[in-house]
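Notes to accompany the following structure.
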Number of protein chains: 2
Amino acid sequence: MNSSGSTKERILAAAEVLFAQRGFDGASLRQLTAAAGVNLAAVNYHFGSKEKLVEQVFRRRLDALNASRLAALSRIAGAPDTSVEDVLDAYIRPALDLSHDGSGSLFMRVLARAFAEHDDTLRQFLSANYGHVMRQFTAEFARLLPQLSKPELYWRIDLVTGALTHAMSGFGMIQRKSDVSEHAHREQTAQHLIRFAAAGLSHP
Amino acid sequence: MNSSGSTKERILAAAEVLFAQRGFDGASLRQLTAAAGVNLAAVNYHFGSKEKLVEQVFRRRLDALNASRLAALSRIAGAPDTSVEDVLDAYIRPALDLSHDGSGSLFMRVLARAFAEHDDTLRQFLSANYGHVMRQFTAEFARLLPQLSKPELYWRIDLVTGALTHAMSGFGMIQRKSDVSEHAHREQTAQHLIRFAAAGLSHP
DNA sequence: GTCTATATTCCGATAGAC
DNA sequence: GTCTATCGGAATATAGAC
């Protein structure tokens with residue numbers, strides 16, 4: 001018996017794992033369809049091409065992830081007692097929750113690869129579909145850090161993005177100790193990230 | 001007429017550019033030798049395989065880069081008036097200087113790709129050959145930040161590495177303005193990086 | 001929708017002439 | 001050391017039977 005889910009869904013799940021492990025070029029459709037337990041031709045039938053499959057791998061996660069981020073942000077944006085840490089939490093926690101559900105944790109690696117790829121097509125796709133999320137978060141940071149000039153704020157957010165991508169994709173040197181549960185480790189990661197990023201954003 | 005340098009050197013230079021642009025899998029030996037103006041068979045003759053060529057691309061830059069970092073560190077390590085910013089400067093400035101010389105700036109992208117690849121062979125190579133550099137810098141940070149526990153310090157250095165890799169490989173959203181010279185832009189990058197990282201490392 | 005079979009292109013690597 | 005020619009295989013993609 002094949003794993004659960006439709007053919008499309010099984011292809012997407014297998015693609016996420018293999019793209020994280022081997023990259024977009026490194027993972028072939030043959031490996032991918034074999035892992036999904038579907039026929040080689042199924043990818044082109046359901047998605048049209050490998051490139052379109054890549055887009056759908058992003059869409060599957062990012063639609064929910066960024067909606068969750070914006071929902072969390074809307075609950076605190078503009079409030080008088082909101083802190084920089086709160087805004088960072090709204091951005092980071094949805095990604096953390098994602099990593100609890102099965103292979104979701106690997107998606108952050110896929111995202112990190114997309115950053116490193118510098119592929120214009122992919123970057124335009126991400127910017128066109130999810131750019132408004134970053135803009136809303138930036139606006140809230142600007143409200144909370146009025147002493148920073150626009151260029152200065154952009155610099156700092158850019159550096160936070162780097163630290164965040166690095167940490168969330170788990171390619172740091174810190175390895176989870178075997179006596180720490182996966183959940184506790186993720187929570188610890190979030191706390192370190194938030195405090196570090198808040199310090200970097202807020203320093204005089 | 002072919003570009004300057006020996007065949008080996010021209011292959012290495014072309015490989016650096018293409019690996020940065022297209023990745024290790026994405027750049028083929030055919031594109032690479034065509035760009036270098038050498039015969040397809042030259043790569044296997046001079047390097048043995050594509051994988052060994054990748055190693056040499058790293059060696060060509062990292063030997064000098066890390067020697068320069070350690071030299072800068074040795075001039076300040078252990079001194080009573082050394083600051084966290086000084087140590088960060090010792091680490092970052094050599095990478096900055098590298099980017100002044102021709103295609104050297106692209107090497108930081110190659111390095112960022114290596115991080116994203118998660119390839120064990122490559123990671124072991126980097127750790128075995130250049131791990132001592134990170135250890136010496138970590139020791140100096142530990143001296144300057146005695147209030148931090150070892151795990152806490154490792155966390156923060158890891159996050160700094162993420163921000164640094166992100167910024168130095170230039171895939172941030174901040175684009176250089178046309179009225180700012182490349183040199184001035186790099187200097188500005190370094191200043192932002194150092195202050196940001198120092199804040200993230202030192203916060204209570 | 002799923003399959004087999006195949007078209008076409010490209011890959012890394014090497015043999016052997018010069 | 002450099003070249004041509006090619007091997008053996010794997011890549012994406014598609015045509016057409018079921």
Side-chain angles (χ1 to χ4, degrees), chain A residues 1-60 110 113-114 117 119-122 125, chain B residues 1-60 110 113-114 116-122 125:
Chain A
M1 182 178 101
N2 281 333
S3 301
S4 62
S6 66
T7 294
K8 264 182 100 158
E9 187 56 34
R10 273 186 287 131
I11 290 173
L12 286 168
E16 183 172 74
V17 175
L18 280 168
F19 287 160
Q21 289 172 342
R22 300 166 177 260
F24 306 109
D25 284 323
S28 73
L29 293 184
R30 281 173 169 76
Q31 298 169 329
L32 202 151
T33 50
V38 304
N39 188 270
L40 168 62
V43 168
N44 276 283
Y45 176 79
H46 287 285
F47 298 94
S49 69
K50 185 180 182 179
E51 198 181 1
K52 296 214 178 124
L53 169 61
V54 172
E55 273 196 15
Q56 290 306 310
V57 168
F58 282 102
R59 253 192 218 291
R60 185 172 74 128
V110 179
R113 279 193 188 266
E117 289 284 349
D119 180 84
D120 273 343
T121 307
L122 198 52
F125 166 80
Chain B
M1 181 178 100
N2 282 331
S3 303
S4 62
S6 67
T7 295
K8 265 182 100 158
E9 187 56 34
R10 273 185 288 130
I11 290 173
L12 285 167
E16 184 171 73
V17 175
L18 280 168
F19 287 160
Q21 290 174 341
R22 300 166 178 260
F24 306 111
D25 284 324
S28 73
L29 292 184
R30 280 173 170 80
Q31 297 170 327
L32 201 151
T33 50
V38 304
N39 188 271
L40 168 63
V43 168
N44 276 282
Y45 177 80
H46 286 284
F47 298 95
S49 69
K50 184 179 183 179
E51 197 181 2
K52 297 219 177 115
L53 168 61
V54 172
E55 275 195 15
Q56 290 305 311
V57 168
F58 282 102
R59 255 192 218 289
R60 185 172 76 127
V110 179
R113 278 194 188 266
E117 288 285 349
H118 274 247
D119 181 84
D120 274 343
T121 306
L122 198 53
F125 166 80

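Below, chain A is the first sequence line, B the second, and so on; all start at residue 1.
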Any side-chain heavy atom of B/Arg113 sitting closer than 4.5 Å to one from A/Arg113? no

Rounded off to whole Å, could you give me the CG-to-P distance for the A/Leu18 and D/dA11 pair? 12 Å

To 10°, what angle do the rotation axes through the five end pairs on each side of the helix from C/dG1-D/dC18 to C/dC18-D/dG1 form? 0°

With sequence neighbours left out, what residues match A/Glu55 under side-chain contact (heavy atoms from CB on, under 4.5 Å)? A/Phe125

Residues forming a side-chain hydrogen bond (donor to acceptor under 3.5 Å, both in side chains) with B/Arg59, sequence neighbours excluded: B/Asn129

Can you check each nucleotide of nucleotides 12-18 of chain C against protein heavy atoms at under 4.0 Å and return B for base, S for sugar-phosphate only, - for none, in 5' to 3' order? BBB----

In this structure, are over 12 heavy atoms from other groups packed under 6.0 Å from B/Arg22 atom CZ? no

Whole-Å distance, A/Phe47 CZ to D/dA13 P, equals 13 Å

Does C/dG1 have its OP1 or OP2 closer than 4.0 Å to a side-chain nitrogen or oxygen of A/Thr7? no

For A/Asn44 and A/Leu29 the tightest heavy-atom approach is ND2-CD1, 4.2 Å

Applying salt bridge (charged side-chain N to carboxylate O under 4.0 Å, His left out), name anything that partners B/Glu51, two or more places apart in sequence or on another chain. none

Which residues pass the side-chain contact (heavy atoms from CB on, under 4.5 Å) test with B/Gln21, not counting sequence neighbours? B/Val17, B/Leu18

Please report the C-alpha distance between A/Val38 and A/Leu32 in whole Å, then the side-chain angles of each, then the deciding distance to 0.1 Å, and finally whether the side chain to side chain contact (heavy atoms under 4.5 Å, CB included) criterion is met. CA-CA 9 Å; A/Val38 304; A/Leu32 202 151; over 6 Å; no

